[in-house]
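First comes the structure, then the notes that go with it.
Computed over heavy atoms, backbone and side chain alike; hydrogens, waters and symmetry mates excluded. Since this is a predicted model, take the numbers as computed values, not measurements.
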There are 6 protein chains.
Amino acid sequence: MKVTVCRKEHFNAAHRLYNPAWSDEHNTEVFGPCANVNYHGHNYELVVRVTGEVDPDTGYVYDMKLLSTLIKTEILDTFDHRNLNLDTTDFRNLIPTAENIAVIIWQRLRPHLAAPLGLSVTLFETERNFVEYHG
Amino acid sequence: MKVTVCRKEHFNAAHRLYNPAWSDEHNTEVFGPCANVNYHGHNYELVVRVTGEVDPDTGYVYDMKLLSTLIKTEILDTFDHRNLNLDTTDFRNLIPTAENIAVIIWQRLRPHLAAPLGLSVTLFETERNFVEYHG
Amino acid sequence: MKVTVCRKEHFNAAHRLYNPAWSDEHNTEVFGPCANVNYHGHNYELVVRVTGEVDPDTGYVYDMKLLSTLIKTEILDTFDHRNLNLDTTDFRNLIPTAENIAVIIWQRLRPHLAAPLGLSVTLFETERNFVEYHG
Amino acid sequence: MKVTVCRKEHFNAAHRLYNPAWSDEHNTEVFGPCANVNYHGHNYELVVRVTGEVDPDTGYVYDMKLLSTLIKTEILDTFDHRNLNLDTTDFRNLIPTAENIAVIIWQRLRPHLAAPLGLSVTLFETERNFVEYHG
Amino acid sequence: MKVTVCRKEHFNAAHRLYNPAWSDEHNTEVFGPCANVNYHGHNYELVVRVTGEVDPDTGYVYDMKLLSTLIKTEILDTFDHRNLNLDTTDFRNLIPTAENIAVIIWQRLRPHLAAPLGLSVTLFETERNFVEYHG
Amino acid sequence: MKVTVCRKEHFNAAHRLYNPAWSDEHNTEVFGPCANVNYHGHNYELVVRVTGEVDPDTGYVYDMKLLSTLIKTEILDTFDHRNLNLDTTDFRNLIPTAENIAVIIWQRLRPHLAAPLGLSVTLFETERNFVEYHG
């Protein structure tokens with residue numbers, strides 16, 4: 001009897017989409033205003049889904065307070081109120097698109113969850129643009 | 001050609017997370033303020049998903065008005081404006097966590113749907129805490 | 001140059017609408033299922049609005065982090081994960097309707113704000129039922 | 001490493017549910033007020049999901065600006081501010097239920113996406129009634 | 001001690017913006033796709049606000065269940081699942097813009113509320129376009 | 001017969017709260033992580049309200065398509081996908097708090113509206129922090 005528990009958190013960050021292997025012109029061609037040299041930013045909404053058996057003693061798959069704490073420690077403490085390009089090591093050599101941020105978040109959380117638990121991540125960059133990663 | 005139709009409903013209920021096999025101290029340790037002896041409550045938002053073939057005569061998989069009525073009869077009439085611990089038989093011996101409530105809702109609806117139809121349930125306890133159950 | 005700053009918080013609570021001066025029958029007649037003897041509950045969403053001059057040194061009317069802390073200390077620490085009828089003194093002799101809860105919240109916050117600041121409170125009991133109080 | 005990118009768009013349209021093989025009475029019996037001869041309408045919210053590998057040069061699965069443009073060209077330019085029954089060829093012989101509209105949208109988009117990309121469509125007819133189609 | 005109680009309801013309707021005193025060309029010039037001869041439609045979200053004294057016996061300004069019933073009887077039964085131009089008398093000689101619909105709703109509700117009660121109406125035509133009328 | 005028409009738009013921007021008259025330590029003390037030297041960012045949601053008489057020929061107070069265009073030209077073209085501190089002249093000597101951004105937006109829009117029209121601005125920095133300015 002597998003159930004998925006979901007916790008929604010958010011963080012505010014600046015970022016810029018830029019491929020250093022390309023000219024500035026080509027970056028603007030591909031990324032448009034997202035390549036702006038002085039950055040722009042987003043309220044990222046993050047949904048983390050953990051799938052597993054319900055523990056009969058607690059009725060929990062995974063205590064959502066602990067899931068919230070895990071997300072805070074592993075993700076928000078590093079990304080919230082930061083510049084993803086300049087203030088984190090994750091995006092030193094990786095373009096901080098929503099796709100790549102979701103994969104990084106998944107990779108940061110995965111080692112902290114027991115092997116039988118399933119994990120997936122949804123990241124909203126805006127209300128109209130979002131991505132999902134299931135590992 | 002399988003399509004999933006989804007209907008969102010809500011109910012307001014009081015509940016308390018408490019395992020009678022444990023001491024009050026251990027309950028508070030595990031469940032925190034959710035163990036409050038006098039209960040607290042939520043606006044539960046419920047999404048019921050039914051998957052099946054589209055009927056060529058109606059263009060419907062399952063008439064959403066009938067789905068709404070089914071949810072009302074089988075779920076809302078029992079859970080809405082109630083105390084889940086005291087006023088229902090479902091949670092006499094089952095802790096009313098979001099996980100367990102979602103499973104009970106799925107079990108209550110399943111017998112009313114024809115066998116070929118798929119069923120899944122999403123239950124929002126708050127905007128930030130929610131669960132999914134696919135049977 | 002007056003600006004209004006608004007902070008949204010939430011709390012989860014159980015309550016019951018019941019006038020002890022009336023018979024049970026009359027309570028049910030007036031309050032319907034909201035009079036349920038074992039309580040029901042809500043995710044209350046609270047918006048607190050503070051109006052005042054913008055401080056030229058900070059660009060703030062009132063630091064929203066401090067406003068959040070004030071709401072936590074004066075409101076959430078008392079109401080969140082509680083039974084409003086049983087666990088608070090505010091509603092010992094007052095029916096905890098959305099109207100009365102909003103007035104109590106306003107009265108609890110008012111003494112903590114400097115006299116020139118304006119204060120108003122919006123309280124959502126559900127997404128479709130909400131109240132506003134301006135003092 | 002497959003990621004799903006999602007783009008939300010909307011269109012406003014009139015429609016009517018009516019099966020010409022049936023009497024007016026039977027249409028009203030099945031479709032209720034949705035059969036109203038003079039039409040009614042909705043703000044349709046559409047989520048298009050595209051699944052594929054992340055391009056290491058761009059960090060994109062599919063540029064969401066291009067996805068937005070594709071949805072505009074193939075869907076919104078035809079459906080937005082239109083009467084689905086009268087102004088489109090898609091629903092000349094097909095009842096414009098949410099199920100059928102979602103399938104048509106999927107069929108209109110599919111040829112414009114490279115074969116390895118996955119495609120699914122969620123269509124909200126109202127906040128409480130929505131459908132999903134995965135092809 | 002005046003409090004405002006607010007009730008949110010919705011209705012789905014078709015409409016068309018068209019001034020019969022103008023040529024078709026001028027209508028299209030002014031109203032764009034909203035002038036489409038075959039209509040389009042919306043999920044209208046309606047918020048009705050009633051301001052008054054809190055009754056000490058009930059803790060209510062105005063019972064929101066009764067407010068919901070009043071809105072249903074006076075507004076939804078006439079406008080929901082209808083064509084505003086063709087199926088109502090209100091817009092026989094009045095263009096059904098959001099502005100005019102809000103005024104009509106206010107005028108329909110006003111006679112049913114006691115004189116000391118304040119009334120205002122907010123009408124969302126889409127999530128991004130809405131109007132407010134205070135009488 | 002005055003009605004208020006409201007248009008919601010959004011822009012994504014980076015910013016930093018920093019008073020150059022203060023030490024870095026005092027900036028961090030006052031602004032916390034919002035003072036981060038490399039900026040952070042937000043999805044700003046902007047609601048512009050225009051109040052006036054309904055034109056009997058159009059049923060409009062102010063054509064919302066034109067209001068949308070005005071907001072685009074005067075606000076979004078300058079603020080969207082920009083760094084408010086570095087890329088705009090408005091915040092060269094003004095801290096880009098939500099309060100100050102709302103006032104600037106109001107001042108930028110006011111000259112473009114006829115004198116009898118009322119104007120107010122609501123700016124959401126996050127879903128939980130927002131400000132209102134009425135001029």
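- Residue B:Val103 touches chain A through its side chain alone, counting heavy-atom pairs closer than 4.5 Å.
- Using a 4.5 Å cut-off between heavy atoms, A:Val47 touches chain B through its side chain atoms alone.
- Side-chain contact between B:Asn12 and B:Tyr44 is absent, with no heavy atoms from C-beta onward closer than 4.5 Å.
- At a threshold of 4.5 Å between non-hydrogen side-chain atoms, the residues A:Asp24 and A:Tyr18 count as touching.
- Heavy atoms closer than 4.5 Å to chain A are found in the side chain of B:Trp22, but not in its backbone.
- Both the backbone and the side chain of B:Glu127 come within less than 4.5 Å of a heavy atom of chain A.
- Contact annotation for A:Val54: only side-chain heavy atoms (C-beta onward) come within less than 4.5 Å of a heavy atom of chain B.
- The CG atom of B:Leu113 sits 7.5 Å away from the CG atom of B:Leu67 when rounded to the nearest 0.5 Å.
- In this structure, CD1 in A:Ile75 is found 12.0 Å from CH2 in A:Trp106, a value given to the nearest 0.5 Å.
- Looking at B:Asn129, the atoms closer than 4.5 Å to chain A (heavy atoms on both sides) sit in the backbone and in the side chain alike.
- In this structure, chain B has a heavy atom under 4.5 Å from the side chain of A:Lys65, while its backbone stays farther away.
- Taking A:Glu9, A:Lys8, A:Arg49, A:Met1 one by one and counting their heavy-atom pairs under 4.5 Å with chain B, the maximum is reached by A:Lys8.
- Neither the backbone nor the side chain of B:Phe124 comes within contact range of chain A, judged by heavy atoms closer than 4.5 Å.
- With a threshold of 4.5 angstrom between heavy atoms, B:Leu123 does not approach chain A through any atom at all.
- The greatest number of non-hydrogen atom pairs below 4.5 Å with chain A, out of B:Val121, B:Thr97, B:Asn100, is found for B:Thr97.
- Contacts of A:Asp57 with chain B are made by both backbone and side-chain atoms, with heavy-atom separations under 4.5 Å.
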